[in-house]
Amino acid sequence: MENKLYFYNTLTRKVEQFIPNQEGKVSMYTCGPTVYHFAHIGNLRSYIMEDLLEKTLRYIGYDVKRVMNITDVGHLSSDADTGEDKMLIGAKREHKSVMDLAKFYTDAFMSDCGKLNIKTPEVVEPATNCISEFIQMVEKLLKDGYAYESGGNIYFDTSKLEEYHIFSNQTERELLVGVRDDVQEDGNKRNKSDFVLWFTKSKFDDQELKWDSPWGVGYPGWHIECSCISIKHLGEYMDIHCGGVDNIFPHHTNEIAQSEAYLGHKWCNYWFHVHHLNDKAGKISKSKGAVLTIPLLESKGYDPLVYRWFCLQSHYRKPLEFSFEVLDQMKAAYDKLVKRIGSLSREGDIDQERFAFFRKQFEDALCDDLNSSMAITVLYDVLKAEITDAAKYALIKDFDQVLSLNLTSAYAAKEEESAVDEELEAYILSRIEERKAAKKQKDYAKADAIRQELLEQGIVLEDTREGVKWKMA
Ligand code: AMP
Ligand code: ZN
């Protein structure tokens, strides 16, 4: 490992040098989506920046194992353990079973990630796969005196810990960010900060997904999922845990409490949090109006990678404001950039010394608390540098292992697409002419056959006063 990576650790509130537990290897956990709705582009900002961290680690030579859960049970509408399971709310909204809903939105999430070039983690585990493991963890916490039963539910007793608010030296404002929409109180708790490990039917009768447990039929709390799934796949000592800033409290605070009580030692060394994407009206969320999604951006003509490009221009620790005006500027800059890269000739020698120099600059930017906008500046420096086109092209291809913006292939793909378009258009216009001629000769059968043939190819003809128009079906 030549370069040392530094990034902000929420646990210590400092930009720190990253030192993994095992030399050369990194274990990394990401809180996955709650699959009751489409991921909005704010959620995806978190996953893009986590992807950047993972790819930076790989770029500088680490072997990374990354695990992500899929929350398909237990995440209630309020993070304070009250309200309804979000999955149940979604299932009712869409008249689907919870499992069908989970499958639909898990697939949609994976498709969004694919379009954004976000690498799929080595392990993706739905919470409903791990019920017996959750129960075993809760049993141990009860046995060791860290949990209690009340009102039919099992709670974690935060008063049993010397230090519960592990992130407590967060500023109050930062903690406020963590409290989601509609926090209500649960009267069964002994202490305000206690949280549910296992719900039983005594509390939520209409819960669709429930399992047998030593405490009655019920379902797991949200926080236990991530502790359990990460320990299952990454072991007792973890290097990096990621999420958006709203996960800091209570979710990650509770994960630390129960994991360390269960393991009896420190669990995760580095906590990486991505700040929120906002719009002019504030934090982007699913409860507010039309959900801003990747398919929505696509329907407006934006390549999803333009959104990734937009995210990479800003630092992950700064709130980012989204607007279509800025996205338009990003689109123009991205198109110009890939065009310029597409015009580079690949002929010529590559000066290895200059190559290493720019690669080091790029690495240095990323290793400085993931300074992605600086890394992009290095990319523009390469384009301006007095080196051969072949060297520029090779460097950009190399950088794109981390940036994942299809920098060397996007332009060729666009050209190919427009060449196909031109060919298709010429074909359609010639068939329209043929149809016109048939009509003139009163050969309506032939004219109809042409229309039908095109329709079968997905092309619709419309006779208008201005002449024949066509569109794709
Ligand atoms: P959820 O599906 O609600 O569990 O959230 C998935 C991920 O998106 C979590 O890591 C959240 O912290 C993160 N997240 C939620 N809202 C935003 C936002 N507006 N900007 C960035 N990340 C967010
Ligand atoms: Zn989590």
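One-based numbering, in listed order, for ligands and for the atoms of each. Since this is a predicted model, take the numbers as computed values, not measurements.
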A.B. asks: Just wondering, is there an N, O or S atom on His223 that's nearer than 2.8 Å to the Zn ion (ligand 2)?
C.D. replies: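 False for His223.
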A.B. asks: For ligand 1, is there an N or O atom under 3.5 Å from any N or O atom of Gly42?
C.D. replies: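 Checking ligand 1 against Gly42, an N or O pair does fall under 3.5 Å apart.
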A.B. asks: Taking the side chain as C-beta and beyond, is there a heavy-atom pair between Leu383 and Leu337 under 4.5 Å?
C.D. replies: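 They are in contact (side-chain heavy atoms under 4.5 Å apart), so the answer is yes.
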A.B. asks: Is it the case that ligand 1 has an N or O less than 3.5 angstrom from some N or O of Asn43?
C.D. replies: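 Yes, there is a polar N/O contact under 3.5 Å.
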A.B. asks: Give a yes/no verdict on a cation-pi contact between Arg359 and Tyr59, requiring under 6.0 Å between NZ or CZ and the six-membered ring centre and an angle within 45° of the axis.
C.D. replies: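 Yes - Arg359 lies over the ring of Tyr59, closer than 6.0 Å to its centre and within 45° of its axis.
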A.B. asks: Before signing off on this row, confirm whether Leu277 and ligand 1 have an N or O atom pair separated by under 3.5 Å.
C.D. replies: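 The answer is yes, given that Leu277 and ligand 1 share an N or O pair closer than 3.5 Å.
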A.B. asks: What I want to know is whether Glu50 and ligand 1 share at least one N or O pair that is separated by under 3.5 angstrom.
C.D. replies: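 N/O-N/O distance under 3.5 Å: no.
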A.B. asks: Kindly indicate whether a cation-pi arrangement holds for Lys189 with Tyr155, taking the cut-offs as under 6.0 Å to the six-membered ring centre and within 45° of the axis.
C.D. replies: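 No, cation not above the ring by the 6.0 Å, 45° rule.
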A.B. asks: Has ligand 1 got any nitrogen or oxygen that is less than 3.5 angstrom from a nitrogen or oxygen of Asn247?
C.D. replies: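 Such a contact does occur with ligand 1.
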A.B. asks: Could Lys318 and Glu321 be called an ion pair, given the rule that one side-chain N must be under 4.0 Å from one carboxylate O?
C.D. replies: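 No.
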A.B. asks: For ligand 1 and Asp246, I'd like to know whether there is a polar contact (N/O to N/O, distance under 3.5 Å).
C.D. replies: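 Looking only at distances, the answer is yes, because the N/O contact criterion of under 3.5 Å is met.
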A.B. asks: I'd like to know if Asp107 and Lys103 make a salt bridge, using a cut-off of under 4.0 Å between side-chain N and carboxylate O.
C.D. replies: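 The answer is yes: the pair qualifies as a salt bridge.
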A.B. asks: Which option out of Gly243, Ser46, Pro319 puts a heavy atom nearest to atom 22 (N) of ligand 1?
C.D. replies: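 Among Gly243, Ser46, Pro319, the closest heavy atom to atom 22 (N) of ligand 1 belongs to Ser46.
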A.B. asks: Do Arg93 and Glu84 sit within salt-bridge range, that is, some charged N less than 4.0 Å from a carboxylate O?
C.D. replies: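 Glu84 and Arg93: not salt-bridged.
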A.B. asks: Got a sec: is His251 within less than 2.8 Å of the Zn ion (ligand 2) via an N/O/S atom?
C.D. replies: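 Yes, since at least one N, O or S atom of His251 sits under 2.8 Å from the Zn ion (ligand 2).
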